[in-house]
Structure formats: C-alpha cells, structure tokens
Chemist: 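Just dropping this structure here.
Note on naming: letters A, B, ... go to the chains in the order of the sequence lines (proteins, then strands), and numbering restarts at 1 for each one. Computed from a predicted structure; not experimentally measured.
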Amino acid sequence: MSESNQTTSQHFIRSIVDADQESNKHGGRVHTRFPPEPNGYLHIGHAKSICLNFGLAQDYNGGLCNLRFDDTNPTKEEIEYVESIKEDIKWLGFDWDERLYFASDYFDELYDYAIKLIQKGKAYVDDLSADDIRAHRGSLTTPGKNSPNRERSAEENLDLFERMRAGEFKEGSRVLRAKIDMASPNINLRDPVLYRILHAEHHRTGDKWCIYPTYDFAHGQSDSIEGITHSICTLEFEAHRPLYDWFLDELDIHHPQQIEFARLNLNYTVLSKRKLITLVEEGHVSGWDDPRMPTISGIRRRGYTPDAIRNFCDRIGVAKANSTIDIALLDHTIREDLNARTPRVMAVLRPLKVVIENFPEDKIEEFEVDYFRHDPERSEMRTVPLTREVYIERDDFMEEPVKKFFRLAPGREVRLMNACLITCTDVIKDENSGDVLELRCTYDPDSIGGQAPDGRKVKGTLHWVSAPHAIQAEVRLYDHLFNKEDPYDVAEGQDFTINLNPSSLEILEDCLLEPSLKDAKPGERFQFMRQGYFAIDPVDSSPEKLVFNRTVTLRDTWAKIQKKG
RNA sequence: UGGGGCGUGGUGCAAUGGUAGCACACCGGACUUUGAAUCCGUUGAUCCUGGUUCGAGUCCAGGCGCCCCGGCCA
C-alpha cells in the first residue's frame, strides 16, 4: 500500500477504538468492514467510508477489514456493480485479502435466526398488506396498533414461515415481523419487517430463495457472523441501533459495537446514488465514469490519483456533525499531488498564430528542456523545437491591454518560455469581422535561451508550440457539474437537474501540443504549463487522435484579477 | 405535541475544566523563465440566557436552530 507521510488525524472513532484497546474490549482485536450495496457505482462519499474502515484496520496492529456486499434486495442489485466496486476499492489502494463476503452467504444462518426468534415468541408472520402495516404503525407522535396476527402461536408461525419460503404465497401477501413494541417512541422498534416475499432471481443465490431478509435484519447479524468489532456506519442508522442491539441480544450472538459518523457532502455536486443514477439514465452525463461525475470511476478517468483521494479523506476529518466540504479542498488536494509528480509540457489550447519575421525561414532551433525543472530531485530532458511560425494562446494577447495585463500586446516584448524574447510588431486582422488572425513579431537573436544579455526584464512568459511540429489533439475542459453550491436548492416543483451547469464540459478539438507528447499513453498525466493538469482519456484517446481530460486547473491569480475588474 | 443526534472563524476539523489551534478559502507582501509552485504575513469563531468554578468551548439548567426516523429501500 502506498504510504503518505501525512499523520493521520485523530477523531472520535479513533478515540473509541483506543479506549477499547486499552480496556481489551474485543480481546484487542480491531475488525471492520466496508459494506456496500451493489446497486450503483461508488462515489467519493464512499471513499471516505473506505478510507475510514480500511484505514482503521491498518492503523491497529493486526487489524482487518472485510469487504461485504449487502445484497439483500435482488430486485435492485447487479453483478456489474459488484465488479466495479471491487475495482474501485483496489484502485484506492485497499485490500480485503481473502475476506470477500456477501450478505447472501448468510441467508441460511439468517433464516435460522428467524426461526429462533419465532420459537422464542419474538417474531410472527403477518398477513396484513403493506398499506395496513403502515396504517397500524401509528405516527411520529402517536403509538401504533398491534396487528391482529400478532398473537399467533409459534407452531402456526413456523408453518406459515416455512410455506413462505416454499413459495406458496404471492409477493407482498405476508411478511415476517419482529414482535417488539408497537407503542415504542422509536418507530424502528414497532414490529419491523424481517423477511419479505420476493419472487426474484438473486445474482448469487439464483432461485434458491423467494423470501429475503430486510437490511435491518441482515446487517447487524452479518457483522456478528464475521466477528466485526466496530461496525461503522452513517448517522441515519443511529435510530436503528436499538433494533440491532435487540436482535443480537435475543439471538445471543457476538455483539459488534456500532459507531455512526456523518457522511460526506460536497458543494457543487450531488453524492447520492439515487441522484447519480438519474444523471446517468437521463443522459445528463455520458455514464457512471463521466469525468464530471463524483464517482470513483469518474474522477479516476478525469486523472485524479488514489493518493490525492486518500489525502482528501484524511483532511476532511470524521465527526458526527452534518457538514459540507468546499470542493476547493478537493481541488487543492489533487493539485498538491499532481504538482509534485507531473512532468511539465507546453500545449496551446486556443491557438493564435505568430510569425517571427526575422527568424530564418528554414531554421530549427532546438532546446533541451527539463520536464521536471520544478523538482530539484528529478531531471529528465526532451527536445523542444522553435521555428519561424509558432502558436501561442489567444488569451495571451490583447490588442488593447487592460491594466495589470502583462502578456503580449502590440509593441510589447515577452518571453517564449525556454526559448527567446519576442516583440509584437503587427496585428493581422480579418477585414470583415475584425478578428485577430495572426501576429507578426520579431525576436532578439541574443535572447536564445530566454534571457536578454543586457539584463532587461520582461513581465510575461508564454507557452507556445512550433507550428510545423505541433501535434493536434482534443482537450476536454471540465467545470463543476452544478452551478449552485447546493444543487438541491430549487424552486417549488423543480428538479435538481435544473441546477446542472451547462458549461460543465467544453471540448476543444484543435489544440496544439509540443511534439514530445506524441507517444503519450492512457494513464499518463502532465502539467500543461500555465494551464492545469491533464490526463490522457483512457476511453477515447488513441495514438491517431490524442484526447486529454483536464483534471484540475492551476490556481489562476490572473483570472481573479479579471473577475474583480 | 414522539424519539434519536448535532451546534467552534466563510468552510471543515481540533482543543486532560487552564493562552481557542490546524487545513482550505480570502486578503496583502516576497520571489519567479508557469500570473504556478514556494516563502512570509493580515483579517476572522465557541448558537442564546442563566448557573457551578479562581477559571467554562468543555460541567449543569432552560431556551433557540439544524439533521435523521412513520419502505415489504439500504
């Protein structure tokens, strides 16, 4: 596992585990699990849970973390999702070794547990319809009413439950319920459903079962069966804990300790499988791995590194207060990582032609430039050619420069990075539209290398590519998926998709890259100098047509100055 | 009108009852062949009201605000 030299943060769960270690609560064991339902792709919110559970196990000597799929609902779960989830966890850098489990592995035990409860008089088969059960449940402020079937004998319940299992009844006609307390102020204790009839094929057990345990009945017992010591879950299950405790106590089996923490929220995006699946199904994005998606597969395709994600998860902390992380922290974390590891290259996204008039027609000046000039520890050279015709970024020229703009303008001298100083002598424009078509410049032959011998300074340094050497490529620029901090902030009757950012994807077809990028391979990442970090798109890029994704921009002080006007 | 949680700078997370700290963001400066990176610095917080205490973010009481729970979803 790759190691970050970062100290992991102390948080309340760690304090609990520390205390348990001290008191030898679980015989000194720390055994956690990450329990996803295979009904969608993992997103960065899951990464928080993965880092927490696997990280905790790593941090305590001999600790273990299982991967267990909570697959108790065959109508929603698919094998495609289990494969993607496994891949994502591995990519993040975690390993469950041989401890890959499924709640469906425990269907036999769970069935036996149900039998045991029936025999103890603690569970009963109810013939009420779903609507009637709801009606009997009462409200938040008023107690519920007992089902007329509540006092059936154990024998009758056993018979009925066995016949449910045998497939004698149709879906929805009967359920098995716990017999707890219909007047409990905690609604989860008002005789919750344990088993329901679902005539559906399960992705692992096939047609062996037509009754399936509910999540509530399966989750805690699955943890118990696996010998989990600390069952870490999100806040919404806090009110379920008394129910899980009740099961474990009635069944008299190993009792893990459940600890709840606040799930991750990020502004300018949504982190809910339900919403993400909507974006995919309604075609607002190209798929689960669309680089704008907060899914692990999406951000991986976009060029994020697992180290950056793990650092991010470490920095956001773990607590019980609901909170929303500023996506700027994610941006910062990935920049920090990519800044350290990526080679620097030049790429012109929106080209503007420049003719250096005093540069000999057929001359090629070659420069040996270090990919890692920013890093004193590394050095690796490539050749960058300069010719009479080059391209610069359109944004790097202003015919009438505003204050504080210190790039190229008529009569102004700037540096072509790593190459020489040029001065703009003329602007060629389209006669009709007035658009700038090309620039005429002269260079100072004594400035080869980028410094003037007389020591004069220039304020601007531009990236550029030699026109005859340039490689054409497609570059995809991404912005926030939503243009509102809180995408759910909508007017009455509106859907969250109204807040989708129409400019979240901008495709630039005619970008020009320095020739060294010719053999760039999927998975490779670069800093396009002065612009941002870019990664080869693993899906659409090919040697014939390179496609880059912008992972994140560089911090841009100039953009801020412009914004302020 | 029940039950369970949670309230610390703009954001997130810390702080054995003892100087409220860290990160991001923000603002300013230095440096610069990336308006990047790096370095330095500035602003800025304990939900409210009482109480206990030499001393309260922390303990107590009462308020206020926010989140979760009435699926045969997880």
Chemist: Thinking salt bridges, do D370(A) and R344(A) make one under a 4.0 Å N-O criterion?
Modeler: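 Result for this pair is no, no salt bridge flagged.
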
Chemist: Establish, from distance only, whether the side-chain atoms of H203(A) and E77(A) form a donor-acceptor pair under 3.5 Å.
Modeler: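 Result is no, nothing qualifies.
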
Chemist: Take atom CD1 of I187(A) and atom P of G2(B), then tell me their distance rounded to the nearest Å.
Modeler: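 Atom-to-atom, I187(A) to G2(B), this comes out as 13 Å.
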
Chemist: Rounded to whole angstrom units, what separation is found between the CG atom of L330(A) and the P atom of G12(B)?
Modeler: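 Roughly 15 Å, once rounded to whole Å.
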
Chemist: For D216(A) and Y244(A), test the side chains for any donor-to-acceptor distance below 3.5 angstrom and give the result as yes or no.
Modeler: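 On atom types as modelled, these side chains qualify, holding a pair under 3.5 Å.
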
Chemist: When you check the side-chain N and O atoms of N311(A) and T333(A), is any donor under 3.5 Å from an acceptor?
Modeler: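 Looking only at side-chain atoms, T333(A) and N311(A) do not form any donor-acceptor pair under 3.5 Å.
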
Chemist: Using a distance-only test with no angle check, is there a side-chain donor-acceptor pair under 3.5 angstrom linking Y371(A) and Q527(A)?
Modeler: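 The answer is no; no qualifying pair exists.
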
Chemist: Measure all distances between protein nitrogen or oxygen atoms and nitrogen or oxygen atoms of nucleotides 38-42 of chain B, and list the pairs falling under 3.5 Å.
Modeler:
none

Chemist: Which whole number of Å gives the distance between the P atom of G62(B) and that of G2(B)?
Modeler: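 G62(B) and G2(B) have their P atoms separated by 14 Å.
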
Chemist: For I325(A) and C22(B), give me the distance from atom CD1 to atom C1', rounded to whole Å.
Modeler: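 Nearest whole value for this atom pair: 14 Å.
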
Chemist: Any ring-ring contact (aromatic ring centres under 6.0 Å, His included) pairs touching residues 181-201 of chain A, not counting sequence neighbours?
Modeler: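 Listed once each, the pairs are F161(A)-Y195(A), Y195(A)-F217(A).
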
Chemist: Which nucleotide in the list G2(B), A36(B), G3(B) gets nearest to the side chain of R555(A)?
Modeler: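 Closest nucleotide among those given: A36(B).
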
